[in-house]
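All residue numbers in this chain count up from 1 along the given sequence. The basis for the numbers below is simple: all heavy atoms, side chains too, and nothing from hydrogens, waters or symmetry mates. Computed from a predicted structure; not experimentally measured.
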Amino acid sequence: MAAAGAPGPAAPATVAARMLGVLWLVSVTAGSGGAAAAGGEDTLKCEDLRVGQYLCKDPKINDATQEPVNCTNYTAHVPCFPAPNITCKDFGGNETHFTGNEVGFLKPISCRNVNGYSYKVAVALSLFLGWLGADRFYLGYPALGLLKFCTVGFCGIGSLIDFILIAMQDLGLLDFNRELSVCGFPDFPFSFFTYHFMDSI
């Protein structure tokens, strides 16, 4: 009679099942530990979301200046809405679960400072009265305006350059008012003349 209690070799199917069980247990344990570690990290700021995870509105454009409203220091801000089911910290620092209708952050966009002056008026003054310096007086450059008035637009060359710069909305290249004030030239007479000159038009 054969011994009934002698163990036989383990079946390959049983070994494979045990190995799969061990692998599943290890993966579940590692997954829960990874989730706990991820939960301990700081929540992502809404400004750091990737493209496609938020939608920004188009800026409001001023009809007179053709630049975004509230443009300061060459920057305007537009509201951006994180996609639904995104959790991030809004501009107030609060961790929020977004549904797609809440503003998450304000995205800065570049713009040109126009200080409320009308682009069309500036171009028209530069084209027709630029040789008298009217464009510079209008845009708040009284020193250059008076200089252009006394030299008949720098013999036409300055008027042409100013027309091109105003048409391109780039007057930073010829901003001499600040330098004249720094050098000790008083700006008050020029400003006084500017206001009275523009009031008489």
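Taking every heavy atom of both residues into account, Pro59 and Pro68 meet most closely at CB-CB, 4.1 Å. Taking every heavy atom of both residues into account, Ile61 and Val69 meet most closely at C-CG2, 4.2 Å.
Side-chain contact between Ser110 and Thr75: absent, with no pair of heavy atoms (C-beta onward) separated by less than 4.5 Å. Using a 4.5 Å cut-off on side-chain heavy atoms (C-beta onward), Lys89 and Thr43 make contact. Residues Val78 and Lys57 are not in side-chain contact: their nearest non-hydrogen atoms beyond the backbone lie 4.5 Å or more apart. Residues Val121 and Tyr138 are in side-chain contact: their nearest non-hydrogen atoms beyond the backbone lie under 4.5 Å apart. Looking at heavy atoms from C-beta onward, Ile86 lies out of side-chain contact with Leu44 at the 4.5 angstrom threshold. By the 4.5 Å heavy-atom criterion applied to side chains, Leu146 and Phe137 are counted as neighbours. Residues Pro79 and Val103 form a side-chain contact, since some pair of their non-hydrogen atoms from C-beta on lies under 4.5 Å apart. Using a 4.5 Å heavy-atom cutoff, the side chains of Cys80 and Leu55 are not in contact.
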### Message
Checking His97 against Thr87 for the side chain to side chain contact (heavy atoms under 4.5 Å, CB included) test, could you report, in this order, the C-alpha distance in whole Å, the side-chain angles of both residues, the deciding distance, and whether it holds?
### Response
CA-CA 4 Å; His97 183 75; Thr87 301; 2.9 Å; yes
### Query
Going through the distances and angles, do Phe105 and Asp90 end up as a side chain to side chain contact (heavy atoms under 4.5 Å, CB included)?
CA-CA 6 Å; Phe105 64 99; Asp90 59 12; over 6 Å; no
### Query
Given the rule in the side chain to side chain contact (heavy atoms under 4.5 Å, CB included) test, do Ile161 and Phe154 qualify, once you have shown the distances and angles that lead to the verdict?
CA-CA 10 Å; Ile161 292 173; Phe154 300 111; over 6 Å; no
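Expressed to the nearest 0.5 Å, how far SG of Cys111 lies from CG of Asn70 amounts to 9.5 Å. Taking CG from Asp135 and CG from Leu127, the interatomic distance works out to 10.0 Å, rounded to the nearest 0.5 Å. How far CD1 of Ile164 is from OG of Ser159: 11.0 Å, rounded to the nearest 0.5 Å.
Hydrophobic clustering of Ile, Leu, Val, Met, Phe, Trp and Tyr side chains at less than 4.5 Å, counting indirect connections, keeps Ile109 apart from Tyr74. Leu106 and Leu49 fall into different hydrophobic clusters, defined by Ile, Leu, Val, Met, Phe, Trp and Tyr side-chain heavy atoms under 4.5 Å apart, directly or through other members. The hydrophobic clustering, which links ILVMFWY residues whose side-chain heavy atoms are closer than 4.5 Å, places Met168 and Leu139 apart. By the criterion of side-chain heavy atoms lying less than 4.5 angstrom apart, applied directly or through intervening Ile, Leu, Val, Met, Phe, Trp or Tyr residues, Leu144 is not grouped with Leu160; the two fall into different hydrophobic clusters.
Judged by distance alone, with hydrogens and angles left aside, the side-chain atoms of Ser126 form no donor-acceptor pair with the main-chain N or O of Ala124 at under 3.5 Å. Between the side chain of Thr151 and the backbone N or O of Leu147, at least one donor-acceptor pair lies under 3.5 Å. Counting only distance, with no hydrogens or angles, the side chain of Thr96 and the backbone of Asn94 share a donor-acceptor pair below 3.5 Å.
Salt bridge annotation for Asp162-Lys148: present, with a cationic side-chain nitrogen under 4.0 angstrom from a carboxylate oxygen.
Taking the ring centroids of Phe98 and Tyr54, they lie at or beyond the 6.0 Å cut-off.
The SG atoms of Cys46 and Cys88 sit under 2.5 Å apart.
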